2 protein chains.
Amino acid sequence: MTSAARIGSHRARRRDAAATREALLAAGTELFAERGYDGVPVAAIAQKAAVNKAMINYHFGGKRNLYLAIVSATFGEMVASVERLAASPRPAPEVLRELIAVVGEIATRRHPHFCSMMLREVLAGGKHLDPALIDKPARILGAVQRIVARGVSDGDFRPVDPLLTHLSLVGSLVFFFATARFRERVLAKRRPAIKPPDAAAYVKHIQDLLTHGLAAERRGARRGA
Amino acid sequence: MTSAARIGSHRARRRDAAATREALLAAGTELFAERGYDGVPVAAIAQKAAVNKAMINYHFGGKRNLYLAIVSATFGEMVASVERLAASPRPAPEVLRELIAVVGEIATRRHPHFCSMMLREVLAGGKHLDPALIDKPARILGAVQRIVARGVSDGDFRPVDPLLTHLSLVGSLVFFFATARFRERVLAKRRPAIKPPDAAAYVKHIQDLLTHGLAAERRGARRGA
DNA sequence: CCCGTAATCAACCATATGTTTAGTTAACAT
DNA sequence: ATGTTAACTAAACATATGGTTGATTACGGG
């Protein structure tokens, strides 16, 4: 892992700033997601990265800045994906289903710690976040809202509130992916032990729930108020 | 507040163990919910409770035990309410709507810190929790599952998976109530500033989403596989 | 080959924090 | 009144932690 990352442009180097930075980012991502900002000593990050802890200050300028770099990187791809989808001209219900799948994909494969970090940040009220970073969640919010609003105005969705819909959607997804560890622990304790549900099944469940839950009533149905 | 709580059985007492314990529990509940276990120094709890910090060890035997006492108290009422509802013989869709309302009620009025604490605990993988406490979330899970399973077997709901349904329901609710602070901050930054949605509107939204999303198809509809 | 510099490291420092302790005081029974 | 004890306090302690420093080393250019 580290040794591989340390293979630089021409040959393995005993000193490689880029590899050190990478190792710190990787170690920090995992640890912060697991235990939260306050729960991780810089010594633990350094040890996991097999690097001297002074390197955190040397390369990032302190624990806080390392954390911000990690959050920024982790959030970046998610924001980009969601905004790309929001721009799609396809029917809103279809786009929403794909959005759910994409979030599931990113949350399981590309950034397995995204949901934990997002939730921790949000729980902390954005205390650790830069003003520059705090707008990334806001952009996700905006993108989902746009999709839902379009579905409503196209008549594909009931006249639901886009903001509330966004919150319920993101909430159920983030909650699921962020709480896998705890779920395993609880379910394993049950007699008979229950197998924790897998991500793909949950993604499909949310897709179906939203599809049915947002669908416009059949033509000629009651239209409240 | 404290002075009021310190009015004992017959007259105000300069020393009142019960009042001191209460003050510590109240202060701890608020602070732990806000900043998490690791984020709160015992000195802060003691200060907020207007009590000497050694009292935490004297009355509870340490920070950890104070935390466990708080979580236990906070989770207790929620578990009781949910299990009471699960035992109701009324139609499952109706019970589920009420369950959502009850969770909203408890999360806003009686235990405004329940969702934050629950989410933090779950994120930590139950690291701080006693085996005795870890089964409280499991009981909530069981109760919701029973309601959903009954709705399915009664033909009121589509043949959804009760566990997945539980996760999506609890996830969307807990997420909403735990992230109010962050939401306010993000929404206030938008131009024009958006008023954060209130709890009652969200409860209704989730009720409707579930009602529509779980409802059995009209008679004679397709039955997959 | 040799030097300058970026990168790295071990040790140190200042501070914060959970817990302990030794002493003090108020409530109450007698 | 007084002795006993639970409740409380201030100070001390041990440890953990984030950050700094000054020396050291490897890499690349000359």
Side-chain angles (χ1 to χ4, degrees), chain A residues 2-3 5-29 31-32 34-71 124 127-128, chain B residues 2-3 5-29 31-32 34-71 124 127-128:
Chain A
T2 299
S3 57
R6 281 183 182 278
I7 305 289
S9 33
H10 34 108
R11 73 160 173 272
R13 296 199 279 172
R14 317 256 291 263
R15 301 192 161 192
D16 183 337
T20 302
R21 287 179 52 98
E22 286 295 320
L24 284 172
L25 287 171
T29 300
L31 291 174
F32 283 136
E34 257 172 33
R35 303 187 230 157
Y37 182 81
D38 290 320
V40 180
V42 291
I45 302 174
Q47 189 188 10
K48 182 163 202 137
V51 147
N52 188 286
K53 85 185 167 91
M55 291 298 96
I56 289 172
N57 295 282
Y58 181 75
H59 286 291
F60 293 93
K63 183 186 184 184
R64 161 77 46 111
N65 285 342
L66 171 62
Y67 182 77
L68 290 180
I70 288 172
V71 172
K127 187 181 53 170
H128 314 113
Chain B
T2 298
S3 56
R6 279 181 183 278
I7 305 291
S9 31
H10 35 106
R11 72 156 174 273
R13 298 200 279 173
R14 319 256 294 261
R15 300 188 163 194
D16 183 338
T20 302
R21 286 179 53 99
E22 286 296 320
L24 284 172
L25 287 170
T29 300
L31 290 174
F32 283 136
E34 258 170 33
R35 303 187 230 157
Y37 182 81
D38 290 320
V40 180
V42 291
I45 303 174
Q47 191 190 8
K48 182 164 200 137
V51 147
N52 189 287
K53 80 187 166 108
M55 290 299 95
I56 289 172
N57 295 280
Y58 181 76
H59 286 291
F60 293 93
K63 183 186 184 183
R64 162 77 44 111
N65 285 339
L66 171 62
Y67 182 77
L68 290 179
I70 287 171
V71 172
K127 188 182 52 170
H128 315 112

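This one's a predicted model, so the numbers in the text were calculated from it and none came from an experiment. Atoms considered below: every heavy atom in the structure, side chains included; atoms not considered: hydrogens, waters and symmetry mates. Naming convention: chains lettered A, B, ... in sequence-line order (proteins, then strands); numbering from 1 in each chain.
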Completion exercise
For B:Ala69, the side chain to side chain contact (heavy atoms under 4.5 Å, CB included) test, sequence neighbours excluded, returns B:Leu25, B:Phe60
Problem - Inter-axis angle, terminal five-pair segments of the helix from C:dC1-D:dG30 to C:dT30-D:dA1 [nearest 10°] - result: 0°
Handout entry: Heavy-atom side-chain contact between A:Leu66 and A:Ile70 under 4.5 Å
Key = yes
Anything under 3.5 Å between a protein N or O and an N or O of nucleotides 10-16 of chain C, put it in a table, one pair a line.
from   : atom 1 : to      : atom 2 : distance (Å)
C:dA10 : N7     : A:Asn52 : ND2    : 3.3

Fill in the blank from the handout: One should read off an interatomic distance between A:His128 NE2 and A:Asp38 CG, to the nearest 0.5 angstrom, of 5.0 Å
Problem - Closest approach of A:Gly39 to A:Pro41 (non-hydrogen atoms, all atoms of both residues) - result: O-CD, 3.7 Å
Handout entry: Residue whose nearest DNA chain D nucleotide is more 5′ - A:Asn57 or A:Gly39
Key = A:Gly39
Practice task
Let me know the distance between CZ of A:Arg21 and C1' of C:dT8, rounded to the nearest Å.
Solution key: 16 Å
Handout entry: Phosphate contact (D:dA7 OP1 or OP2) by B:Thr20 side-chain N/O below 4.0 Å
Key = no
Practice task
Could you check if a side-chain atom of A:Ile45 sits within less than 4.5 angstrom of a side-chain atom of A:Phe32, using non-hydrogen atoms only?
Solution key: yes
Fill in the blank from the handout: Minimal heavy-atom distance between B:Ala23 and B:Ala49, with the atoms involved, is O-CB, 3.5 Å
Problem - Residue pairs, two or more places apart or on separate chains, that pass side chain to side chain donor-acceptor pair (under 3.5 Å) and touch residues 56-68 of chain B - result: B:Tyr67-B:Glu121
Exercise for the section: Measure across B:Ile56 and B:Leu24 and return the closest heavy-atom pair with its distance rounded to 0.1 Å. Expected result: CG1-CD2, 3.7 Å
Exercise for the section: Tell me which residues in residues 61-68 of chain B put a heavy atom below 4.0 Å from DNA chain D, sorted by number, or none. Expected result: none
Problem - Value in whole Å for how far the C1' atom of C:dA6 lies from NE2 of A:His59 - result: 9 Å
Handout entry: Rounded interatomic separation in angstrom, taking CZ from A:Phe60 and P from D:dT20
Key = 16 Å
Handout entry: Length of the OH-P vector between B:Tyr58 and C:dG23, whole Å
Key = 17 Å
Handout entry: Pairing residues for B:Glu34 by the side chain to side chain contact (heavy atoms under 4.5 Å, CB included) criterion, not counting sequence neighbours
Key = B:Glu30, B:Leu31, B:Arg181
Problem - Non-hydrogen atoms of A:Asn52 and A:Ala54 that approach each other most closely - result: OD1-N, 2.8 Å
Exercise for the section: Measure the distance from CG on B:Leu24 to C1' on D:dT9 and round it to the nearest whole Å. Expected result: 14 Å
Exercise for the section: Please state how far atom OH in A:Tyr37 lies from atom C1' in D:dT17, giving the value in whole angstrom units. Expected result: 11 Å
Exercise for the section: State which of D:dC8, D:dG18, C:dA7 makes the closest approach to the side chain of A:Ala17. Expected result: C:dA7
Problem - Protein-nucleotide distance (B:Asp16, atom CG; C:dC28, atom P), rounded to Å - result: 10 Å
